[in-house]
Amino acid sequence: MKRYIASLLILLSGIFHTGAADFQWSAPVDGIISTENGAAPKGFLWISPDTGKVKALMFAFQNMSEETLFKMESFRKRMASSGVALLWIAPGYGLEWDISQGIQDPFDNLIAALAEKSGHDELSDVPLIPFGHSAQATMPWNFAAWNPNRTLCVISYHGDAPRTNLCGYGRSNVEWGRTRNIDGIPGLMVVGEYEWWEARITPALAFRMMYPQSCISFLGDAGRGHFDLSERTASYLARFIEKSIEKRIVDGKLLKINPTDGWLAARWHPSETLRPAPAPQERYSACRHEAFWYFDEEMATAAEAGYAETEGKRPAWIGFVNAEGTLMKYNPQSHCKTVAEIAPDADDTFHIDAVFTDSTRTELSSMRDKSLIDVKYVSGPAVPLGNNCFCVDRGHPTWKNPRRRGRITLCAEAPSDTAFKETVQEIEIIIQKPVLSVTCTHP
């Protein structure tokens, strides 16, 4: 059956675009040369066929979870309903969004080129939504600071606070200056439970106190790690965007949010049990220095519901088994904790066998049934076929990138139940050598 699917995909590759099959238009970022592949990055644009006029453009540079989100069917449906277009740029650049490096004009020109190609002339003028994960998570805040009149909202995913001193890319942040700010622009910082670092949260709270007109929301991604992006979290991101459109775009104008019209809710910590109740800002009685802003009761209570989901539940652990039936090495010091070199089958497919382990990741565990585990695509040259099986996608934009060629990030996930929290574990797959010169796309 697996070989039949792969053969079908090879036939279909002549019909669909390769690598960026999920995007209808592309254009180079003229004026930028990527250090990864020595060529201009390329922007890939998706607009729902049902969209008459685009209301906003969400964009992200290639890292990891940006690709996950932008290809997620449920998220695309929500964006289509709101008239939001998606722009993914690969390879990524502009980690700091330092405009002294000449990055603004090439970006603006890219949007203009895609507006012409797509026939959506309004793209050049619609409000923008910068989104970034990890190393790209500082960029959204800095983009907004230099483009406050065209930024609808900001989403920093598993990453950074505005003006953080702990940038995901590991270098110093850019200086905004005395008068530059993001007042009235809703921003959302998301941090996963299994990547928790208090030093990343503190600057966000300090920023709120330093800039009282800022609108900084926070979502503790309960039960989640650094690489993964759940349907529940994607739904929260979609609602944040929908609220931004509802509250800010009025009669064609982009209005600022007054933070005093919103709600406050206490910051979350994974070890907490008792929490003060969220409330409208004027009635919030807990410590305001330890609280974040939310649009309204709906957004505050949705965050609280996610925290309650993990309360009192036990953790579980996931590992991966190789072809010989032994557990793969788990390296707690590595970025991706498990790395595996895989030679695909003759039809360019491969299967990932994920299991539950003990807390040391050295012994198998029977605490949960391994059939609960679903291995999901995160990023890189692969297409999911179902049942934890994948096909190598040699038409993916990373395949011609020496730094990323043949590197695929996946995440094994198990849902919560009455006893256990959600469990996630990433794995990096390195394709050993080419097998077939084929391209793979969604069946």
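We count residues from 1, following the sequence as given.
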S.K.: About how many Å separate OG of Ser82 and CD1 of Ile245, when rounded to the nearest 0.5 Å?
M.R.: 4.5 Å
S.K.: Going by the angle between their ring planes, with limits at 30° and 60°, are His120 and Trp25 parallel, tilted or perpendicular?
M.R.: perpendicular
S.K.: Looking at Asp228 and Lys376, is there a salt bridge between them, counting it only when a charged N and a carboxylate O are closer than 4.0 Å?
M.R.: no
S.K.: Return the OG1 to OH distance between Thr423 and Tyr194, rounded to the nearest 0.5 Å.
M.R.: 5.5 Å
S.K.: So if I apply the side-chain hydrogen bond (donor to acceptor under 3.5 Å, both in side chains) rule between Ser134 and each of Glu66, Glu195, His226, which one comes out positive?
M.R.: His226
S.K.: Check the pair Ile129 / Ile241 against side-chain contact (heavy atoms from CB on, under 4.5 Å), numbers first and verdict last.
M.R.: CA-CA 8 Å; Ile129 306 167; Ile241 293 168; 3.7 Å; yes
S.K.: Using a strict 4.0 Å threshold on nitrogen-to-oxygen distance, state whether Glu309 and Arg232 make a salt bridge.
M.R.: no
S.K.: For the pair Glu290 and Arg208, find out whether any cationic side-chain nitrogen is under 4.0 Å from an anionic carboxylate oxygen.
M.R.: no
S.K.: I'd like to know whether Trp268 forms a ring pair (Phe, Tyr, Trp, His ring centres under 6.0 Å) with Tyr307, so could you lay out the CA-CA distance, the side-chain angles of the two residues, the decisive distance to 0.1 Å, and finally the verdict.
M.R.: CA-CA 8 Å; Trp268 181 67; Tyr307 308 154; 4.7 Å; yes
S.K.: I need the single residue from Asn165, Asp160, Asn142 that forms a side-chain hydrogen bond (donor to acceptor under 3.5 Å, both in side chains) with Asn173. Which is it?
M.R.: Asn142
S.K.: Could you tell me whether Lys313 and Glu422 make a salt bridge, using a distance below 4.0 angstrom between a side-chain N and a carboxylate O?
M.R.: no
S.K.: Any Lys/Arg nitrogen of Lys421 or Glu311 sitting under 4.0 Å from an Asp/Glu carboxylate oxygen of the other?
M.R.: no
S.K.: With a 6.0 Å cut-off (strictly less than), is the heavy-atom count around CG of Asn387, excluding the residue itself, greater than 12?
M.R.: no
S.K.: Should we say atom CZ of Arg171 is surrounded by more than 12 heavy atoms from elsewhere, each under 6.0 Å from it?
M.R.: yes
S.K.: Looking at Glu413 and Arg224, does any basic side-chain N land under 4.0 Å from a carboxylate oxygen?
M.R.: yes
S.K.: Rounded to the nearest 0.5 Å, how far apart are CD of Glu297 and CD of Glu304?
M.R.: 11.0 Å
S.K.: Phe356 pairs by side chain to side chain contact (heavy atoms under 4.5 Å, CB included) with which of Asp369, Ile373, Leu364?
M.R.: Ile373
S.K.: Quick one: CZ on Phe59 to CG on Leu45, what's the gap to the nearest 0.5 Å?
M.R.: 13.5 Å
S.K.: Could you check whether the rings of Phe44 and Phe23 sit parallel, tilted or perpendicular, using 30° and 60° as the cut-offs?
M.R.: tilted
S.K.: Is the gap between the ring centers of Phe320 and Tyr330 under 6.0 Å?
M.R.: no
S.K.: Working to the nearest 0.5 angstrom, can you tell me the gap between Ile352 CD1 and Phe390 CZ?
M.R.: 6.5 Å
S.K.: Quick one: which of Trp146, Trp176, Trp141, Phe143 gives a ring-ring contact (aromatic ring centres under 6.0 Å, His included) with Trp97?
M.R.: Phe143
S.K.: Between atom CD of Gln62 and atom CG of Asn401, what is the distance when rounded to the nearest 0.5 Å?
M.R.: 6.5 Å
S.K.: Mark yes when over 12 heavy atoms from residues, nucleotides or ligands other than Lys42 sit less than 6.0 Å from its NZ; otherwise mark no.
M.R.: no
S.K.: Using a strict 4.0 Å threshold on nitrogen-to-oxygen distance, state whether Glu242 and Arg239 make a salt bridge.
M.R.: yes
S.K.: CD of Glu198: more than 12 outside heavy atoms within 6.0 angstrom?
M.R.: yes
S.K.: Run the ring-centre check on His133 versus Phe61 and record whether the distance is less than 6.0 Å.
M.R.: no
